[in-house]
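Note sheet for the following structure.
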Amino acid sequence: MNNQEIARFLTEIADLLDIKGENPFRIRSYRNGARTVNNLAEDLTGMVGEGKNLTEIPGIGGSLAEKIREIVETGKLKFLDDLKKQLPPGLPELLKLQGIGPKKVKLFYEKAGVDSIESLARAAESGKLHGLDRMGEKTEAKILRAIENYRKGAGRFRIDIGFTYAESITNYLNTLTGLKELIPAGSLRRRQETIGDLDILAICHDPAPLMDQFTAYDKAEDILAHGSTKSSLLLKEGLQVDLRAMDSREFGSALLYFTGSKAHNIALRKRAKAMGLKVSEYGIFRADDAIAGKTEEDCYRALGLPWIPPELRENRGEIEAAEKGELPRLVDLKDIRGDCHMHTTASDGKNSIEDMARAARELGYQYIAITEHSQAVRIAGGLNDKELIRHLHRIEEADRKVEGIRILRGVEVDIRGDGTLDLKDETLKECDVVIAAIHSRFNLPEKEMTKRIIRGIKNRQVNILAHPTGRLILEREPYRVDLKEVIKVAAGEGVIMEINANPRRLDLNDIHSRMAKDMGAKLIINSDAHSIDQLRLMKYGIFTARRGWLEQKDVINTYPLKKLLAILKRT
DNA sequence: GCCGTTTTCGGCCCGACTGTTTTCAGTCG
């Protein structure tokens, strides 16, 4: 039972209590609990097993702790089962429809017998809904559109896709005059690995023409709202875009508000309240006097805090750290001095060694490592022992040929099903950088997978564990592995944990990167580039590292070459 | 249901938009 599965139990309870019309604060506790559990680095199943006191986790009290223990120990929860018996199973799904909340679900169920999306659609089509409390024809039409949009199955988008949409929509709006600034905020500004919607903040005096231009966007499928300072669109691809116009006097508080996260903002507002202040997107107020709002720095200062980088704003301890002056100095793209994971035409890459080296030199790097696949990854043109030795010579030649950058001899060797490596130790000894990784047999049981990886990295030739969980964002779940055990071994043995910067992977993720740091492991951010263009994916790895609270010293490819080589050497 | 630098009881973030209303409830972020 992993934390995400446990969180789903709590969310389900919250949804059902919501529809029943229970105390909203009680419901909020379950939702907060679910969010906390989702964000937790440590595995709850393990914590329960070790008899740890779960109520020490903020937001988890006695009642939630007891329920979590029951879920972990029995795989189910009587409280939830009882709750489910009281309502039809199709009701919670209705909450996912845009514009439908618990009150409407309750109303439709009790007064119109609606118990699923299908029956809601039938009721709306046949006009059974208007006539109910505060229900008219427009609402009926809106519900049908919401169902249609939901069935198209929008969902979340990878951050790199989010940037593309943000760029095209800001380009479109930027043609307007009188617009001072246009800033994508929200989860994109926090550099979350996926985004659920796009929040754009506009600074201007006269918002009306902007709202009109925005809602006329030709890539929009549906206009969800068109107000005087705020409008929302649904793009054809299913992404929702919110635009909010504010005045420049409110720039800081508005940006703070629209960057989120919601949990961070709520925590700030609580803090403000305790100080006798009030926070909104319009500023920070003492009684009716605005005491801050022009910049984010002002706003944080008014709350007695230093500015907090957007990547940290998740209410994962950043406010407490800020208060104590213990915020990390986050690693930055310009700290990066090299890239130690990339492929060339020798396996499944698109460019030559020399091309990759020159492109990396353009980025200002001092070194790279060329790391082809090993033979087990046949589909990617993996090399066997003999081929790799020959290839290492070619790397040496390229290193002599290309001035101004050091090209290290590397390999990405497969960890086989039994935990042995796919190439001989004496071959690996010839490399400067040995990356170990898994590319097959993803569905081993957790214990076996953990043992396999640990055996792999215990091989003294291995320097780096690449994409340690094997996930592909929105495509493939991580494999089942006890990451804590793996990191413990890596930290003890001096094996470096990779943050794979490809936006499809981002593996390790933010939470696990922070866990690795806290457990004393070193990390490296690699592009895993398969072409010269992909070297630029490094920035996504930086985003993840920053969200994981990493500083320059935690990331070894910020080190000069000599120091890097010293760290890679396992004695 | 959670929580405590006024609190172990009594609070719990704040405001825009919509659609239905004659002053506001519901939803969303």
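Residue A:I100 is in sugar-phosphate contact alone, with no base atom involved, counting any heavy-atom pair closer than 4.0 Å across all strands shown. Within 4.0 Å (heavy atoms only), A:G186 reaches no atom of the nucleic acid at all. Residue A:L97 is classed as a sugar-phosphate contact, given heavy-atom separations below 4.0 Å to backbone atoms only. Counting any heavy atom pair closer than 4.0 Å across all strands shown, A:E137 reaches sugar-phosphate atoms only and no base atom.
In this structure, A:I57 places its CD1 atom 11 Å from P of B:dC3, rounding to the nearest Å. Atom CG of A:N265 is separated from atom C1' of B:dC28 by 14 Å (rounded to the nearest Å). Rounding to whole angstrom units, CG of residue A:D199 and C1' of B:dA16 are separated by 14 Å. What separates NZ of A:K270 from P of B:dC2 is a distance of 13 Å, to the nearest Å. For A:M246 and B:dG15, the CE to P distance is 11 Å, given to the nearest whole Å. In this structure, CG of A:L233 is placed 12 Å from P of B:dT18, rounded to the nearest angstrom. The CG-C1' distance, from A:L132 to B:dT20, rounds to 13 Å in whole Å. Protein atom CZ of A:R271 is 19 Å distant from nucleotide atom P of B:dC12, rounded to whole Å.
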Under 3.5 Å, sequence neighbours excluded: what are the donor-acceptor pairs made by side chains of residues 10-17 of chain A?
unit_1 : atom_1 : unit_2 : atom_2 : d
A:T11  : OG1    : A:A7   : O      : 3.1
A:E12  : OE2    : A:K84  : NZ     : 3.4
A:D15  : OD1    : A:R31  : NH1    : 3.0
A:D15  : OD1    : A:R31  : NH2    : 3.0

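Across all strands shown, B:dT8 has no partner, as no Watson-Crick or G-U wobble contact with both distances under 3.5 Å is found.
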Polar atom pairs between nucleotides 23-26 of chain B and protein, under 3.5 Å, N or O only, would you list them?
unit_1 : atom_1 : unit_2 : atom_2 : d
B:dC24 : O2     : A:R134 : NH2    : 2.9

Short N/O separations, protein against nucleotides 5-11 of chain B, under 3.5 angstrom:
none

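Spacing between B:dC3 and B:dC13 at atom C1', rounded to whole Å, works out to 16 Å. Look at the P atom in both B:dT22 and B:dC17: the space between them is 22 Å, to the nearest Å. Rounded to the nearest Å, the gap between the P atom of B:dT27 and that of B:dT20 is 14 Å. For the C1' atom pair drawn from B:dG11 and B:dT6, the interatomic distance equals 13 Å after rounding to whole Å. Distance check on atom C1': B:dC2 versus B:dT8 gives 12 Å, rounded to whole Å.
Legend: ring pair (Phe, Tyr, Trp, His ring centres under 6.0 Å) pairs involving residues 89-146 of chain A, not counting sequence neighbours: none detected. Pairs engaging residues 202-244 of chain A under the ring pair (Phe, Tyr, Trp, His ring centres under 6.0 Å) rule: A:Y172-A:Y217 [sequence neighbours left out].
Between A:D332 and A:R546 a salt bridge is recorded (basic side-chain N to carboxylate O distance below 4.0 Å). Classification of A:D335 and A:R329 as a salt-bridged pair fails, no side-chain N sitting under 4.0 Å from a carboxylate O. The existence of a salt bridge linking A:D82 and A:K85 is confirmed by a sub-4.0 Å separation between a basic side-chain nitrogen and an acidic carboxylate oxygen.
In the set B:dG15, B:dG1, B:dC17, the nucleotide with an atom closest to the side chain of A:S228 is B:dC17. The side chain of A:L64 approaches B:dC2 more closely than any other nucleotide in the set B:dC2, B:dG15, B:dC12. Proximity note for A:K67 (side chain, C-beta onward) versus B:dT20, B:dG1, B:dG15: the nearest is B:dG1. Checking B:dT20, B:dG29, B:dG15 against the side-chain heavy atoms of A:K138 singles out B:dT20 as nearest. Of all nucleotides listed (B:dC28, B:dC12, B:dT18), B:dC28 comes nearest to the side chain of A:Q98. Comparing B:dC17, B:dG29, B:dC12 by their closest approach to the side chain of A:F25 singles out B:dC12.
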- Task: Start with the C-alpha distance between A:R301 and A:E297, add both sets of side-chain angles, then the distance that settles salt bridge (Lys or Arg N to Asp or Glu O under 4.0 Å), and finish with yes or no.
- Result: CA-CA 6 Å; A:R301 197 179 309 124; A:E297 285 82 355; over 6 Å; no
- List the steps, then state whether salt bridge (Lys or Arg N to Asp or Glu O under 4.0 Å) holds for A:E250 with A:R244. CA-CA 12 Å; A:E250 302 150 345; A:R244 176 76 182 266; over 6 Å; no
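OP1 or OP2 of B:dC17 has not a single side-chain nitrogen or oxygen of A:R244 nearer than 4.0 Å. Residue A:Q240 has no polar side-chain atom (N or O) positioned under 4.0 Å from OP1 or OP2 of B:dC28. Residue A:S231 has no polar side-chain atom (N or O) positioned under 4.0 Å from OP1 or OP2 of B:dC17. Note on A:K278: a side-chain N or O is less than 4.0 Å away from OP1 or OP2 of B:dG15. Between A:S29 and the phosphate of B:dC2, there is no side-chain N or O to OP1/OP2 separation shorter than 4.0 Å.
Comparing A:A65 and A:T229 by the nucleotide of DNA chain B that holds the closest heavy atom to each, the one mapping nearer the 5' end is A:A65. Nearest-nucleotide assignment on DNA chain B puts the 5′-proximal partner with A:Y282, out of A:E140 and A:Y282.
For the side-chain hydrogen bond (donor to acceptor under 3.5 Å, both in side chains) with A:H264, the lone residue among A:R313, A:E314, A:E318 that qualifies is A:E318.
Classified by its glycosidic torsion, B:dT5 falls in the anti category, the angle being over 90° from 0.
A:Y257 contributes a side-chain N or O that forms a donor-acceptor pair with the base of B:dG29 under 3.5 Å.
Listed by chain and number, the residues in a ring-ring contact (aromatic ring centres under 6.0 Å, His included) with A:H512 amount to none (sequence neighbours excluded).
Under a cutoff of 6.0 Å and an axis angle of 45°, A:K67 and A:F9 do not form a cation-pi pair. The cationic group of A:K180 does not satisfy the cation-pi geometry with A:F251, failing either the under 6.0 Å distance to the six-membered ring centre or the 45° limit from the ring axis.
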